[in-house]
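These notes are about the structure you will find just below.
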Amino acid sequence: MHTKQNISIAVLPFTNMSPDANNEYFCLGISEEIINTLSNIEQLNVTSRTSSFFFKDKQIPLQEIAKTLNVGIVLEGSVRFGGDKLRVSATLIDVEYDKSILSRSWERSRENIFEVQEDISISIADIIREQFGHLEYDDKIVGFPTSDIDAYDYFMKAKYHHYQFNPEQGKLAIKYYEKALECDNQLIEAYLQMADVLSFLVASGFAPKESTWAKIQGCINTAMEIDKEHPGLNYLLASTAFFTTGDFKQAKSFIQNAIDRRPKYLEAQHFMAFLYMIENDLDKAQEHLGYALTVDPLSKDTRFYESYFYYRKKDFKRSKEICLSMLDGNDKHLPCIVVLSYSLLMLGETEQLIENLNSYDNSMILEDELMGLFTLAHLYSGHPEKAVQFKEQLKDRIDVKGLNHVHIYLYLISAYEEDFDTCAMLIEKIITDQSSLLLLAFNDPLAEKFSNDKRHALLNKRIFGGQSERAQKPVKPESKLVSADKAKQIREQILDYMNAEQPYLSSTITLRTLSSMLNLSPNVLSWVINEGFEKNFNEFINQYRLEYFKKLLIDPENQHISILGLAYESGFNSKTVFNTFFKKVEGMTPKAYQKSLMNK
């Protein structure tokens with residue numbers, strides 16, 4: 001499951017061992033920051049926060065979790081609070097062999113939580129590099145979002161509500177982001193995340209466009225003053241360009257920049273997939289969605305984009321199934337409600353749609369959207385007479401500024417009725433009114449009839465332009481830290497030292513201690529051992545220990561010492577590790593090997 005080419009880990013949400021439920025966000029924050037840190041290591045596949053956190057408070061066997069997430073290593077942890085002190089415990093588990101390969105605790109004051117996160121992350125990375133293959137990272141791989149513990153706590157609370165993706169929770173998230181910024185006005189992530197929530201609210205029609213745009217622009221301007229190179233900034237600019245100004249080309253350019261800066265940036269991969277869906281280039285959309293499904297298979301975001309992909313692909317049944325599954329856990333997920341409604345229309349399940357629409361209120365879906373969906377439901381059910389009233393109400397509101405939901409539904413209705421002149425007129429509003437919603441509707445399956453009109457191709461070119469180069473997916477770097485000649489020289493240096501000094505006889509030797517003995521950087525030593533000897537560090541060291549054990553075993557002076565005693569003399573510090581490695585190399589148990597020697 002974890003090979004040299006595929007080292008994969010999931011960090012499960014740390015358990016709050018305190019009776020105070022208010023510490024929950026703090027514990028989740030520790031887990032999330034460890035995920036963010038490990039994600040910076042290129043050779044390591046790290047399951048996203050949302051997919052790992054799916055298993056919070058669920059009594060599911062570790063093997064099943066690992067299988068679902070397709071990982072070979074799992075990190076579990078807990079946090080116990082006592083006054084201003086905290087104790088963080090972490091256990092790293094090799095799922096294949098069902099064994100703990102790291103189990104440690106850290107005791108610090110609450111204000112030193114960032115040091116704990118750094119210690120845990122470095123310890124995890126070191127163990128993985130030694131046991132599973134080469135990883136490249138600096139000795140300081142943690143980047144803290146803020147040094148203010150209160151700002152950090154508010155920020156994590158805000159993100160929790162943000163990730164619910166409904167208007168009510170979004171407004172609560174904004175309040176917490178604002179509190180975080182009161183504590184630390186340089187917390188760039190809070191500005192970026194708050195702008196993202198505001199973009200969602202204005203695109204959904206739950207915030208006034210002009211005043212909200214001004215707030216978004218203020219967040220962007222401040223973020224640029226703090227760090228104009230921040231990888232999240234281009235993502236935000238792309239989101240703003242699409243949802244606020246309806247500029248598809250600019251949105252795509254910004255999101256390409258975001259991916260260029262950080263190929264493993266999950267939200268950027270999501271958004272690029274989404275833009276390709278809008279453009280109706282489903283092959284390219286699937287490439288980016290495929291990456292998201294690999295590292296984030298269970299998150300609401302990924303599942304939503306997956307449902308939307310199947311809708312655009314006209315697999316309406318699959319889209320419906322995913323939407324229903326999502327809404328079962330969050331019945332106010334607005335984008336999911338809309339995609340489900342569209343899928344029901346295309347499946348001819350209009351009675352179910354009408355029943356759903358009658359159960360919605362204005363806190364979940366806007367009046368204009370309800371009128372539009374009722375109109376389409378009656379049209380698709382073969383009862384145009386029932387649609388007249390809703391359609392007329394929409395027409396009466398067509399010239400009201402800012403009511404983009406009116407435009408999108410009149411466009412979809414006109415496409416169904418083959419009123420292509422009205423379709424063309426409304427699509428022109430993409431340019432004049434900068435409507436992202438009409439941009440969403442243009443190539444929608446519900447508007448497929450309009451695609452046969454000659455004006456559709458011309459409008460498509462104006463909106464989307466020519467075919468652009470596809471964005472790069474994350475790829476494993478082919479690192480070459482030293483030249484071939486230098487690598488050969490280092491291999492000889494390692495072999496000479498191993499034979500002369502026998503450092504493997506120490507049961508506590510690590511890659512870092514050996515690199516210090518050889519005066520090499522841990523990255524270089526790791527790379528040379530993995531590439532030059534085609535072994536990970538543990539295999540390399542244990543091979544020397546095994547050969548030393550075999551020499552001890554045949555020495556008559558050691559007949560009084562047990563096999564396990566000789567293993568310990570050879571540097572092994574675990575019976576299980578010794579037996580497992582011996583059988584892997586020799587194809588038999590140490591006891592069987594000893595008997596084979598006696599029979600010779």
Side-chain angles (χ1 to χ4, degrees), residues 1-11 33-48 70-75 90 92 94 101-102 117-144 229 231 258-266 268-269 291 294-295 472-494 497 509-542:
M1 189 177 294
H2 38 259
T3 66
K4 182 179 177 181
Q5 292 76 30
N6 179 30
I7 307 173
S8 53
I9 181 173
V11 179
E33 291 307 318
I34 292 172
I35 290 172
N36 293 338
T37 298
L38 295 178
S39 295
N40 291 327
I41 301 175
E42 291 290 349
Q43 299 90 350
L44 191 60
N45 291 336
V46 184
T47 301
S48 75
N70 192 30
V71 298
I73 314 166
V74 173
L75 179 72
L92 192 65
D94 180 345
I101 53 178
L102 171 70
Q117 290 171 186
E118 183 169 46
D119 286 348
I120 295 173
S121 298
I122 289 292
S123 296
I124 293 165
D126 281 353
I127 289 292
I128 293 173
R129 179 163 62 180
E130 289 176 2
Q131 299 213 16
F132 302 111
H134 176 61
L135 303 177
E136 257 172 61
Y137 50 90
D138 296 330
D139 288 344
K140 190 174 181 62
I141 56 176
V142 180
F144 304 123
E229 300 299 324
I259 291 176
D260 288 343
R261 289 176 183 274
R262 189 195 297 170
K264 296 173 81 171
Y265 192 175
L266 182 62
Q269 294 287 343
Y291 170 72
T294 298
V295 300
Q472 296 298 310
K473 296 184 294 181
V475 294
K476 296 288 185 182
E478 293 186 3
S479 174
K480 192 171 183 179
L481 293 173
V482 294
S483 66
D485 288 342
K486 183 63 176 177
K488 181 180 179 182
Q489 179 184 335
I490 293 173
R491 286 198 302 273
E492 293 173 354
Q493 178 188 358
I494 294 171
Y497 190 83
I509 191 170
T510 66
L511 188 141
R512 285 186 178 275
T513 56
L514 182 59
S515 68
S516 178
M517 295 172 184
L518 293 167
N519 198 27
L520 296 170
S521 81
N523 281 333
V524 169
L525 179 60
S526 171
W527 185 81
V528 171
I529 288 176
N530 277 259
E531 297 296 322
F533 299 107
E534 297 186 344
K535 292 180 175 66
N536 62 48
F537 175 79
N538 273 16
E539 290 170 337
F540 180 73
I541 293 295
N542 284 340

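- Remark: side-chain polar atoms of E42 are not paired, donor with acceptor, to backbone N or O of Y137 under 3.5 angstrom.
- Under the side chain to side chain contact (heavy atoms under 4.5 Å, CB included) criterion, V295 pairs with L266, Y291, not counting sequence neighbours.
- Interatomic distance, CD1 of I120 versus OG1 of T37, reported as 10.0 Å (0.5 Å rounding).
- Of all heavy-atom pairs between A487 and W527, the closest is CB-CZ3, 4.1 Å.
- Rounding to the nearest 0.5 Å places CG of L102 at 12.5 Å from CG of D94.
- By the side chain to side chain donor-acceptor pair (under 3.5 Å) test, S48 is found to be paired with T50, D296, residues two or more places apart in sequence or in another chain being considered.
- Of the candidates I101, I73, N538, I101 is the only one forming a side-chain contact (heavy atoms from CB on, under 4.5 Å) with I127.
- When all heavy atoms of F132 and I7 are compared, the pair lying nearest together is O-CD1, 3.9 Å.
- Applying the side chain to side chain contact (heavy atoms under 4.5 Å, CB included) test to K486 and every residue at least two apart in sequence or in another chain returns V482, S483, Q489, I490.
- Listed here is the closest heavy atom pair of I259 and A268: CG1-CB, 3.7 Å.
- Atoms NZ and CD1, on K264 and I41 in that order, are 8.5 Å from each other to the nearest 0.5 Å.
- In this structure, CG in L525 is found 6.0 Å from CG in L518, a value given to the nearest 0.5 Å.
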Pair I124, I9 - check side-chain contact (heavy atoms from CB on, under 4.5 Å), show working. CA-CA 10 Å; I124 293 165; I9 181 173; 4.0 Å; yes
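- For S521, the side chain to side chain contact (heavy atoms under 4.5 Å, CB included) test picks out N523, V524, with sequence neighbours left out.
- Residues that satisfy the salt bridge (charged side-chain N to carboxylate O under 4.0 Å, His left out) test with R512, not counting sequence neighbours, are D126, D139.
- Closest approach of L511 and E130 over heavy atoms only: N-OE2, 2.9 Å.
- Looking at residues two or more places apart in sequence or on another chain, you find a side chain to side chain contact (heavy atoms under 4.5 Å, CB included) between N36 and E32, E33.
- What you find for G133 and N530 is that their closest heavy atoms are CA-OD1, 3.3 Å.
- Rounded to the nearest 0.5 angstrom, S8 OG and L44 CG are separated by 8.0 Å.
- Atom-to-atom distance recorded for N70:CG and N45:CG is 9.0 Å, nearest 0.5 angstrom.
- Partners of Y497 according to the ring pair (Phe, Tyr, Trp, His ring centres under 6.0 Å) rule, which considers only residues two or more places apart in sequence or in another chain, do not exist here.
- A search for side chain to side chain donor-acceptor pair (under 3.5 Å) contacts involving S516 returns nothing, not counting sequence neighbours.
- Shown here are the side chain to side chain donor-acceptor pair (under 3.5 Å) partners of S515, two or more places apart in sequence or in another chain: there are none.
- With hydrogens and angles ignored, the 3.5 Å screen pairs no side-chain donor or acceptor of S526 with any backbone N or O of P522.
- Qualifying side chain to side chain donor-acceptor pair (under 3.5 Å) partners for R491, counting only residues two or more places apart in sequence or in other chains: none.
- Nearest heavy-atom pair, I509 versus T513, reported as atom, atom and distance to 0.1 Å: CG1-OG1, 3.4 Å.
- A donor-acceptor pair under 3.5 Å links the side-chain atoms of Q43 to the main chain of E136, judged by distance alone.
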